[in-house]
Structure formats: C-alpha cells, structure tokens
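Note that the numbering runs from 1 along the sequence shown for the chain. Numbering of ligands and ligand atoms starts at 1, following listing order.
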Amino acid sequence: MKRLVMITIWISLAIFTAGAIQADGDPAAGQAKSQICAACHGLDGNSLMPQNPVLAGQVPGYIAQQLAQFKSGVRKNAIMAGMTQLLSEQDMQDLDAWFSSQTAPPRTVSADDLELAHTGEKLYRGGDSEMSVPACMGCHGPAGFGIPPNYPRLTGQWSTYLEDQLLAFKDGQRASPIMGPIAFRLSAEQIKTLAVYMSALQ
Ligand code: HEC
Ligand code: HEC
C-alpha cells in the first residue's frame, strides 16, 4: 500500500514536471518582445560578440529560469538586472519559447587550439576522479545539447563566455549549488581547455 502511494506521488510529480517543461510561452509573442534583446543577443539569439551569450537553441525552460534569477538578483549582472526589471513571468516564458526554438550553427576549434580541446574532451567525458570532478557529459549530454529545463546547452556557445561563467562559478560570483563546487575544484587552465572543447562539441 505504502509502495502504491509512493508510485502515485511519483507519477503525479512526473506529470507535473512534464507540464512545467512544456512552458506556455508563445514564440511569436516572444519574437515581438525580443527587439530590445537583439542589439546584444542578435535577432535570432545568435550574438555577434563573445561577451554576449548565444541564446538560440538553448534548452526550453533555461532562459526563463535565468531571466527570473537576474530579476531577483540571485544571478548578478548589472546589464541583465536592468533588462529584466520590467519583464513579467509571461514575458519570460514567451522570450524563452522564441529563443529556444531558434538554431545555433555549430562552431569549430581553430588549429591552434586542437591540443587544448583534446585535454578538455577527456575532462568533459570522464571527469577527474582524483579531484572529485564529475563528468560534465552526465548533465550536459554527450554532445553538449543539455537536458531541459535545468541543464543548459553548451555547444555552439562562445568559448570565452563559457570560460567566464566557469570562473564566476569558481570564485562564487555566480551562485550555483551544483556548478559552484564543481568549478571550485577545476584549475583556470582546465577551465580554459573545457571551454574551448565544449563550444565546438558536436
Ligand atoms: C546591452 C546588452 C544586452 C541586452 C540588451 C540584453 N542582454 Fe542578455 N546578456 C547580456 C550579457 C552581457 C549577458 C552575460 C551576463 C553574465 O555574464 O552573467 C547576458 C546574459 C543573458 C542570459 C543568460 C544566458 C546563459 O546562457 O546563461 C539570458 C537568458 C539573457 N541574457 C536574455 C536576454 C533577453 C531575453 C534580453 C531582452 C529582454 C536581453 N538578454 C537583453 C547582454 C544583454
Ligand atoms: C550534476 C549536474 C551537472 C554536472 C555534472 C555539470 N553541470 Fe554544468 N550546469 C549544471 C546546472 C544545473 C547549471 C545551471 C546553473 C545555474 O542555474 O545556476 C550548469 C551550468 C553550467 C554552465 C553555464 C552555462 C550558461 O549558459 O550559463 C557551464 C559553462 C557549465 N555548467 C559547465 C560544466 C562543466 C565544464 C562541467 C564538468 C566539469 C559541468 N558543467 C558539470 C549542472 C551540471
């Protein structure tokens, strides 16, 4: 009986979560609201400058979640704090639906960086057991596409942005109960190799 109750709870939770993943954002409404974002993130979420992250093709749900974190100040960034103050929850869902439905073209590693990428690949796929660093692919996927809604897509992203975020997790500037302890145990050199690899992962 107890077991049956547990299973029922589990199934209702699973249905509830699936509902939350299919957020009720409207991509067309999101596109209309995204004009103000385009200057930095590009019309379709493919930004032209490495300090502004690519939003195109991000896992559904992640963009809305991060916008809420910027608005509440959990994730600290002066520009994005300003950008989110006037956004409602529905705006965030719509923007999420628009950008996550766009495509991000694959990137390639430059010849000079092949060796770095090779070192990054080993860490990404196997982690570092001596340093208790888990394999990144466990949460971000073997091809870096992420898992909706919580585990972000990394492939196609600017490598300098990935590096900056890992350094921000490492020194606690960007708070994350999951990524904080992982990045803390990585050296700046390891972070560099991972960023180069993940950006062009396919
Ligand atoms: C003036 C430039 C600028 C504008 C305009 C802007 N952003 Fe940003 N955005 C940034 C920068 C810079 C970052 C990186 C912040 C950081 O380092 O934490 C960022 C980060 C983000 C992130 C986090 C991405 C990730 O992978 O973690 C999201 C989501 C986002 N912006 C969405 C938007 C949306 C939606 C709009 C329009 C309502 C917008 N931004 C407008 C510059 C901008
Ligand atoms: C247990 C699951 C898990 C593992 C393992 C994991 N990550 Fe993450 N990662 C996350 C979550 C969750 C977030 C979102 C953080 C947040 O919302 O604060 C994230 C965010 C990130 C981001 C920021 C992306 C963005 O667009 O803002 C990068 C970069 C990253 N992870 C790299 C890595 C690397 C490199 C490894 C391996 C050394 C790794 N992750 C291992 C769960 C994980």
How does [X] reach ligand 2, if at all, at less than 4.0 Å between non-hydrogen atoms: by side chain, backbone, both, or neither?
{"X": "Ile191", "value": "neither"}
{"X": "Pro53", "value": "neither"}
{"X": "Leu194", "value": "side chain"}
{"X": "Leu154", "value": "side chain"}

Atom indices of ligand 1, in the order listed, that fall short of 4.0 Å to a heavy atom of [X]:
{"X": "Gln51", "answer": "12 (C)"}
{"X": "Ile63", "answer": "29 (C)"}
{"X": "Arg75", "answer": "16 (C), 18 (O), 23 (C), 25 (C), 27 (O)"}
{"X": "Ile79", "answer": "1 (C), 2 (C), 3 (C), 42 (C), 43 (C)"}

Closest approach of any protein heavy atom to [atom], naming residue and atom:
{"atom": "atom 19 (C) of ligand 1", "result": "Met80 CG, 3.4 Å"}
{"atom": "atom 26 (O) of ligand 2", "result": "Tyr161 CE2, 3.9 Å"}
{"atom": "atom 5 (C) of ligand 1", "result": "Ile36 O, 3.4 Å"}
{"atom": "atom 25 (C) of ligand 2", "result": "Tyr62 OH, 3.6 Å"}
{"atom": "atom 41 (C) of ligand 2", "result": "Cys136 CA, 3.7 Å"}
{"atom": "atom 40 (N) of ligand 2", "result": "His140 NE2, 2.9 Å"}
{"atom": "atom 22 (C) of ligand 2", "result": "Phe169 CE1, 3.6 Å"}
{"atom": "atom 13 (C) of ligand 2", "result": "Pro152 CD, 3.6 Å"}

Without swapping roles, check the side chain of [X] against the backbone of [Y] for a donor-acceptor pair under 3.5 Å.
{"X": "Asp164", "Y": "Tyr161", "answer": "no"}
{"X": "Lys170", "Y": "Leu186", "answer": "yes"}
{"X": "Asp96", "Y": "Gly61", "answer": "yes"}
{"X": "Asp128", "Y": "Val133", "answer": "no"}
{"X": "Gln58", "Y": "Leu55", "answer": "no"}
{"X": "Arg185", "Y": "Ser132", "answer": "yes"}
{"X": "Thr193", "Y": "Gln190", "answer": "yes"}
{"X": "Gln35", "Y": "Gln31", "answer": "yes"}
{"X": "His140", "Y": "Pro152", "answer": "yes"}

I'd like to know whether ligand 2 has [X] as a neighbour, heavy-atom separation below 4.0 Å.
{"X": "Met198", "result": "yes"}
{"X": "Ala183", "result": "no"}
{"X": "Gly138", "result": "no"}
{"X": "Tyr124", "result": "no"}

Can you sort out which atoms of ligand 2 are near Ile182, meaning under 4.0 Å from one of its heavy atoms?
4 (C), 5 (C), 6 (C), 38 (C), 41 (C)

For Ile178, the ligand 2 atoms whose distance to one of its heavy atoms is below 4.0 Å
1 (C), 2 (C), 3 (C), 12 (C), 42 (C), 43 (C)

Has ligand 1 got any nitrogen or oxygen that is less than 3.5 angstrom from a nitrogen or oxygen of [X]?
{"X": "Gln66", "value": "no"}
{"X": "Arg174", "value": "no"}
{"X": "His41", "value": "yes"}

Considering non-hydrogen atoms only, spot the tightest contact between [X] and [Y] and give its length.
{"X": "Asp94", "Y": "Ala29", "answer": "OD2-CB, 3.6 Å"}
{"X": "Val59", "Y": "Phe145", "answer": "CG1-O, 3.3 Å"}
{"X": "Ala135", "Y": "Gly126", "answer": "CB-C, 4.0 Å"}
{"X": "Ser101", "Y": "Ala97", "answer": "OG-O, 3.0 Å"}
{"X": "Tyr124", "Y": "Gly141", "answer": "OH-O, 2.7 Å"}
{"X": "Pro27", "Y": "Gly25", "answer": "CD-O, 3.7 Å"}

Do the side-chain N and O atoms of Asn150 and Gln65 include a donor-acceptor pair separated by under 3.5 angstrom?
yes

If you measure from [atom] to every heavy atom of [options], which option wins on shortest distance?
{"atom": "atom 43 (C) of ligand 2", "options": "Cys139, Ala168, Ser176", "result": "Cys139"}
{"atom": "atom 35 (C) of ligand 1", "options": "Cys40, Cys37, Ser34, Gly82", "result": "Cys37"}
{"atom": "atom 30 (C) of ligand 2", "options": "Met137, Met179, Gln69", "result": "Met179"}

Report the part of [X] in contact with ligand 1, treating N, CA, C, O as backbone and CB onward as side chain, heavy atoms under 4.0 Å; options are side chain, backbone, both, neither.
{"X": "Leu55", "answer": "side chain"}
{"X": "Leu67", "answer": "side chain"}
{"X": "Gln165", "answer": "side chain"}

Tell me, do [X] and [Y] make a side-chain contact under 4.5 Å, heavy atoms counted?
{"X": "Glu121", "Y": "Leu201", "value": "no"}
{"X": "Leu194", "Y": "Leu162", "value": "no"}
{"X": "Leu67", "Y": "Asp91", "value": "no"}

Atom 8 (Fe) of ligand 1 to nearest N/O/S of Asn52 less than 2.8 Å
no

Output yes when the distance from some N or O of ligand 2 to some N or O of Asn150 is under 3.5 Å, and no in every other case.
no

